[in-house]
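Report on the structure given below.
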There are 2 protein chains.
Amino acid sequence: MKRGVILFAHGSRDPQWRKPMEAVAARVAAREPDVAARCAYLELTEPDLPTVAADFAGQGLAQVAIVPMFLGAGRHVREDLPALVEGLRTAHPTVDWVLQPPVGEDGRLLDLLATLALDA
Amino acid sequence: MKRGVILFAHGSRDPQWRKPMEAVAARVAAREPDVAARCAYLELTEPDLPTVAADFAGQGLAQVAIVPMFLGAGRHVREDLPALVEGLRTAHPTVDWVLQPPVGEDGRLLDLLATLALDA
C-alpha cells in the first residue's frame, strides 16, 4: 500500500451527514485495494485531517491525495484547507501531500448533477 | 415552459462559491430549453427559495422540482428544507412542488466521486 486518498469534507452535528463520504471511501477501497482511503472532516465530525494524515504518515505512505468533497469552494476550501495542508507538509515531510481541486470544479460532476436535476 | 427545477444549495459569504451551482443550472437549461432552471440558497447567497418559488408560481409553472445540492444531508436538508417546501405549498397551492432526495444519495454520484478521488 503505497498511496493514500483522504476525502476531506466539512462535517456536521448530524451523524447521518457523513454517510455519503464514507460510501465514497468504501467505493475507492473496493476499486483499488492498494490505495488507502479515509475520510477526514474540517469540524463537528471526527476524525480531523491531522489525525488521518498522521496515521497515513505512520504507515509510510509515499503519496497522499487530499480530495475536497465540496461542491462550492469558499473560505473552507480556499483558505482553511491549504493552511491545513501546509501544516501536514511541515509535520510529515516524507509524504508527498497532493491537494486536488474541489470536486465541484469537475465538468463530469456538473454534467451528472444536471442529469440528476432533470431526473425528477 | 411547464416545468421548473430549483437547485437548492447552502450559500456562502464567498461570491465564488455559487459558481458550480450556476454552472449546473446553465447545463440544465441548455439540455432542456422547456425546463426553467434556477438556483436558490438557504442563507448568505441570493436569491432565497421563497423568491425563486414565487417567480416560478407567477410564471404559471405546473410542477417545480427542488433538488438539494448537498453531498451530506444534515439539519439543513432534513429539517430546514422540508419546512420551507411546506411553506411553498401553502403560499402557492396551484404548483406541484416536488422535493427530490439530496444529490449525495444517488449511487451514480458516489461512483463518480470515487473516480475523481482516484484521478489524482
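By convention in this document, chain letters (A, B, ...) are assigned in the order of the sequence lines, proteins followed by strands, and residues within each chain are numbered from 1.
- Side-chain atoms of Thr115(B) and Arg31(A) form a donor-acceptor pair, as typed in the model, at a separation below 3.5 Å.
- Considering only heavy atoms from C-beta on, Trp17(B) stays 4.5 Å or farther from Arg75(A) through its side chain.
- When heavy atoms are compared at a cutoff of 4.5 Å, Ala23(B) approaches chain A solely by way of its side chain, counted from C-beta outward.
- A salt bridge links Glu22(A) with Arg18(A); the closest basic N to acidic carboxylate O contact falls under 4.0 Å.
- With respect to chain A, the highest number of heavy-atom pairs below 4.5 Å among Val77(B), Leu110(B), Leu113(B), Val24(B) belongs to Leu110(B).
- Using a 4.5 Å cut-off between heavy atoms, Leu7(B) contacts chain A through its side chain alone, with no backbone atom that close.
- Pairing each heavy atom of Asp14(A) with each of Gly74(B), the nearest pair is OD2-CA, 3.6 Å.
- Of the listed residues Arg27(A), His10(A), Met69(A), the one with more heavy-atom pairs under 4.5 angstrom with chain B than any other is Arg27(A).
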(request) Would you check, one step at a time, whether the test side-chain contact (heavy atoms from CB on, under 4.5 Å) holds for Trp97(A) with Gln63(A)? (result) CA-CA 6 Å; Trp97(A) 302 100; Gln63(A) 187 185 72; over 6 Å; no
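- Between chain A and the options Ser12(B), Ala73(B), Gly107(B), heavy-atom pairs under 4.5 Å are most frequent for Ala73(B).
- When each of Ile6(A), Val28(A), Val67(A), Ile66(A) is scored by its heavy-atom pairs under 4.5 Å with chain B, the top score falls to Val28(A).
- Glu43(A) CD: more than 12 foreign heavy atoms inside a 6.0 Å radius.
- The choice from Leu71(A), Asp106(A), Val103(A) that makes the most heavy-atom pairs within less than 4.5 Å of chain B is Leu71(A).
- The part of Arg78(B) that comes within reach of chain A is its side chain, from C-beta onward, which places non-hydrogen atoms under 4.5 angstrom from that chain.
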